[in-house]
Amino acid sequence: MPLTLATWNINSVRLRAGLVARLLRDEAPDILCLQECKSPVDKIPAEVFTALGYTHMIARGQKGYNGVAILSKLPMEDVGDMDFAELGHARHVAGRLENGVVIHNFYVPAGGDKPDREINEKFGQKLDYLTGMRDWFHSERPEKAILVGDLNIAPREDDVWNHKQLLKVVSHTPIEVEHLAETQDAGGWVDVTRADIPSGNLYSWWSYRSPDWDTADKGRRLDHVWATPDISNAAHSSRILRDVRGWEQPSDHAPVFATFDL
DNA sequence: ATGGTCGGCTACCGA
């Protein structure tokens with residue numbers, strides 16, 4: 001049976017509930033994972049999503065910052081969350097479908113401006129968060145699982161608009177790319193988006209600060225869909241809905257979609 | 001080298 005799943009950093013689920021509804025109506029994924037909801041769970045406008053058939057929601061929230069939610073048409077069981085690097089942030093939640101597939105939804109710390117943990121505590125927290133993920137997947141190797149989210153790292157040269165220029169910019173530094181690769185390897189995760197779209201520049205985020213984001217196209221691929229081999233070995237396809245970045249009052253991220261044949 | 005724009009929530013922090 002096909003399963004379509006999407007991940008989208010929404011940058012305030014309350015402000016953009018209408019955009020979420022539009023995406024759900026237009027594209028009708030089975031599951032939509034949101035990050036940066038910036039809302040306590042009880043203030044997420046769940047009734048908007050319920051009315052469209054997304055009657056199951058698994059979420060973690062806090063006031064003003066972070067926050068992750070899984071909206072689903074299919075029944076899901078809440079299987080908990082992790083607080084890597086002990087930040088006390090709502091950055092992860094996981095749910096299990098009735099067929100046993102576990103969905104992990106992550107919002108990895110952005111890491112601040114300076115890529116040096118000695119002068120920027122946030123950068124150290126980002127690396128520590130990834131190390132926590134790595135150690136967890138190493139100790140409990142996932143099976144039949146899909147991991148999505150804003151991982152805040154663009155690992156490949158063609159995941160950024162200018163590789164050389166971004167080597168010292170947080171999100172594309174070698175140490176971050178190395179930490180992400182170790183996390184991926186520890187879980188045996190396959191990068192589904194790049195398995196489906198193996199070459200060419202591919203972005204999921206364009207800064208608000210770029211006046212003409214579409215023409216300038218100074219993007220980065222920060223949002224990812226990974227799966228364990230038992231899932232990725234079957235057929236799948238992917239796309240990034242770039243047009244959504246051009247909607248009225250948009251998020252700075254575009255949704256990333258994947259369809260699996262489970 | 002710098003500044004550019006957002007959102008949340010109290011006037012600045014985080015992205």
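Just so you know, these numbers come straight off a predicted model, no measurement behind them. Naming convention: chains lettered A, B, ... in sequence-line order (proteins, then strands); numbering from 1 in each chain.
Note: NZ (A:Lys114) to P (B:dT2) measures 8 Å, nearest angstrom.
Grouping Ile, Leu, Val, Met, Phe, Trp and Tyr by side-chain contacts under 4.5 Å, direct or through others, puts A:Trp226 with A:Met82, A:Phe84, A:Leu87, A:Phe106, A:Val108, A:Tyr129, A:Leu130, A:Met133, A:Trp136, A:Phe137, A:Leu147, A:Leu151, A:Ile153, A:Val177, A:Leu180, A:Trp189.
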What pairs of donor and acceptor atoms, side-chain ones from residues 19-27 of chain A against any protein atom, are under 3.5 angstrom apart with sequence neighbours left out?
unit_1  : atom_1 : unit_2   : atom_2 : d
A:Glu27 : OE1    : A:Arg239 : NH2    : 2.6

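Looking at heavy-atom distances under 4.0 Å, A:Gln35 makes no contact with the nucleic acid at all.
The side-chain hydrogen bond (donor to acceptor under 3.5 Å, both in side chains) test with A:Thr7 is passed by exactly one of A:His253, A:Gln35, A:His224: A:Gln35.
With P as the reference atom, B:dG7 and B:dG3 are 22 Å apart, rounded to whole Å. With P as the reference atom, B:dT2 and B:dC6 are 23 Å apart, rounded to whole Å. With C1' as the reference atom, B:dA15 and B:dC9 are 15 Å apart, rounded to whole Å.
Listed for the A:Asn105 side chain is a donor-acceptor partner under 3.5 Å among the backbone atoms of A:Leu34.
Residues A:Val41 and A:Met57 form a side-chain contact, since some pair of their non-hydrogen atoms from C-beta on lies under 4.5 Å apart. With contacts defined as side-chain heavy-atom distances shorter than 4.5 Å, the pair A:Leu202/A:Ile240 qualifies.
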- Query: Base, backbone or nothing for each nucleotide of nucleotides 8-15 of chain B, written B, S, -, heavy atoms under 4.0 angstrom, 5' to 3'?
  - Reply: SSS---SB

